[in-house]
Protein chains: 2
Amino acid sequence: MVSQRNPKAPADGSADPTGPSRADWEKPAPGNRSEQAAEQIAALAAGREPGGRLGTKEELRTLCGVSVGTFNETLRLLQARGVVTVRPGPGGGLFAATPSPMVRLGNSVLALDSQQTDVADAVRVRDALDPLLVQDALWHGSPADFAELRKHLAAMARAVDSDDPVAFVHANWGLHARIAAISPNTLLRSLYESLLELIESHTLSVLPSGERPLAEYIRERYELHAALVDALDARDKDAALRLVAAHNTAAERNV
Amino acid sequence: MVSQRNPKAPADGSADPTGPSRADWEKPAPGNRSEQAAEQIAALAAGREPGGRLGTKEELRTLCGVSVGTFNETLRLLQARGVVTVRPGPGGGLFAATPSPMVRLGNSVLALDSQQTDVADAVRVRDALDPLLVQDALWHGSPADFAELRKHLAAMARAVDSDDPVAFVHANWGLHARIAAISPNTLLRSLYESLLELIESHTLSVLPSGERPLAEYIRERYELHAALVDALDARDKDAALRLVAAHNTAAERNV
DNA sequence: CTACTCAATTCACCATGATGATTATGAGCA
DNA sequence: TGCTCATAATCATCATGGTGAATTGAGTAG
């Protein structure tokens with residue numbers, strides 16, 4: 001089903017007007033034919049000005065060496081990625097498009113593999129974003145929001161009392177996610193939430209080593225978070241930012 | 001060509017096992033049939049556990065009321081988005097998948113509209129990431145890298161001398177992009193580059209207002225950037241971080 | 001010169017039939 | 001009990017033919 005049944009493989013450099021020197025050809029080939037064709041067309045589009053005509057569907061389809069249906073799949077992928085636009089009529093066909101910066105970011109993030117993204121890198125970025133969220137929570141947080149934060153703190157306290165680090169980690173993230181939810185900055189929230197999830201998917205397998213007793217560690221982390229919520233509730237900006245900095249400079253700071 | 005020629009529109013609630021109460025149905029319908037079907041299947045997948053079986057292609061295709069080819073397009077989109085996996089054989093068909101955090105981030109960023117994303121929000125996030133890039137440049141930057149930075153500085157100086165703010169803005173971003181390129185943190189780089197582009201696409205239309213003379217402003221910005229490059233070259237971490245903080249707290253800080 | 005009509009081009013979507021590959025399951029055998 | 005093999009289910013891709021919609025440009029009328 002994932003067979004490579006293409007005797008006319010488009011690896012033939014003569015079929016590719018952009019030449020075999022493109023770094024794109026050095027990437028591992030995608031798993032199916034429509035994705036392969038999509039990469040080829042994307043390479044063509046990259047070499048044209050935005051709005052530049054690439055050709056008719058039929059011309060490009062034969063260039064890619066796939067069937068009509070498969071090429072239609074390819075087109076759907078490219079349209080969704082903002083790489084091409086398609087018009088009917090005389091002079092119609094496929095035209096190179098420039099994805100908006102946001103579409104480009106989305107596509108480049110999609111191209112990253114979360115198994116290869118170093119969790120330490122993700123933690124660094126998340127840490128850098130924490131002060132922004134704290135500032136937003138100070139300005140946009142309502143008493144109802146802070147009451148919600150205290151529910152997550154209570155869950156963290158229960159995990160500390162029952163010496164359950166996994167529950168502590170979950171409650172800790174619930175707290176951070178809820179702080180993030182206060183921010184009206186959609187971009188910031190999207191980034192932060194996904195970073196949390198990425199870090200969570202790694203951290204349960206790398207809970208803090210025996211450098212310090214685990215129970216002592218999570219109690220300290222709990223107390224730090226409790227002080228942070230207190231500072232937010234009191235709208236104490238200096239304390240909140242100092243605490244979030246302390247949160248992010250502790251030796252083991254995944255939680 | 002973008003006709004709605006579906007007399008059996010799947011807006012019929014009885015054909016949707018998740019009911020018409022889903023918020024997804026309140027979204028504007030995507031532009032083509034394969035995307036519409038993709039939304040339907042995504043809604044189904046969202047209501048299942050990861051790995052839960054949705055049905056055979058044929059069952060789901062008739063549920064969506066599209067042709068075989070169109071449904072194949074739908075599948076390609078959903079697979080690319082990590083929403084479903086597909087298996088042949090007895091008990092095969094479509095299965096709900098949970099996209100990895102990175103795929104989720106990519107998809108959520110794609111769903112953001114850069115026209116609606118407040119550039120101030122993007123600037124805030126970019127500013128938060130600047131110190132990370134400076135730290136990476138201090139540790140990973142080579143003399144060749146710093147020579148490249150000076151080329152961009154020279155371009156900025158030329159723009160200052162010829163009183164050309166647009167050229168200054170371009171050269172300034174060239175500098176920042178080159179600093180970002182030093183970082184080995186792929187995630188950080190992707191985020192930063194796209195944020196730069198997003199900000200750039202807005203800033204040329206909002207160059208600093210007449211609060212201060214423009215020539216004086218860009219000269220000050222140039223000097224700040226020159227001092228930053230000097231600090232990087234000298235591997236002076238304190239100065240570099242102080243300068244980037246000053247960079248990010250100036251009254252007009254898009255450049 | 002402007003507006004409308006028409007023809008040609010091109011696309012979106014539909015339908016049908018086919019081959020070959022992959023997967024899961026169950027039967028048979030050691 | 002474990003392994004092998006055959007079968008059925010299911011998918012990926014291919015090919016072909018069709019209708020209707022959208023777009024562009026040329027020609028014509030006012």
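What you see is a predicted model, and the numbers here were worked out from it, not measured in a lab. Reckoned from all heavy atoms, side chains included, excluding hydrogens, waters and symmetry mates. Each chain gets a letter, A, B and so on, in the order its sequence line appears, and its residues count up from 1.
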Partner set under salt bridge (charged side-chain N to carboxylate O under 4.0 Å, His left out) for A:Arg189, not counting sequence neighbours: none
Euclidean distance, atom CD of residue A:Gln79 to atom P of C:dC11 [Å, nearest integer]: 11 Å
Members of residues 50-59 of chain A that approach DNA chain C, where some heavy atom sits under 4.0 Å away: A:Thr56, A:Lys57
B:Glu35 side-chain N/O to B:Asn32 backbone N/O, donor-acceptor pair under 3.5 Å: no
Phosphate-side-chain proximity, B:Thr70 and C:dC14, N/O vs OP1/OP2 below 4.0 Å: yes
N/O donor-acceptor pair under 3.5 Å between B:Arg76 side chain and A:Leu77 backbone: no
Atom-pair distance (CZ on A:Arg61; P on C:dC11), nearest Å: 11 Å
A:Phe71 CZ - D:dT16 C1' separation (whole Å): 18 Å
Donor-acceptor under 3.5 Å (B:Ser194 side chain, B:Leu191 main chain): no
Nucleotide nearest A:Pro88 (side chain, heavy atoms from C-beta), chosen from D:dA8, D:dT23, D:dC14: D:dT23
Atom-pair distance (CG on B:Asn32; P on D:dG20), nearest Å: 21 Å
Atom-pair distance (CG on A:Asn72; P on C:dA15), nearest Å: 15 Å
Euclidean distance, atom CG of residue B:Leu77 to atom P of D:dA12 [Å, nearest integer]: 14 Å
B:Pro90, nearest nucleotide to its side chain (from C:dC11, C:dT25, D:dT13): C:dT25
Whole-Å distance separating the CZ atom of B:Arg33 from the P atom of D:dT19: 19 Å
Gap between atoms CZ and P, on B:Arg76 and C:dA12 respectively (whole Å): 18 Å
Closest nucleotide among D:dA15, D:dA12, C:dA12 to the A:Ser67 side chain: D:dA15
Side-chain ion pair, B:Arg61 and B:Glu58, N-O less than 4.0 Å: yes
salt_bridge(A:Asp164, A:Arg158) N-O dist < 4.0 Å: no
Closest to side chain of B:Arg87, choosing from C:dA24, C:dA8, D:dA12: C:dA24
Partner set under side-chain contact (heavy atoms from CB on, under 4.5 Å) for A:Asp136, not counting sequence neighbours: A:His140, A:Ser183, A:Pro184, A:Asn185, A:Leu188, B:Arg124
A:Gly91 or A:Val68, whichever maps to the more 5' nucleotide of DNA chain C: A:Gly91
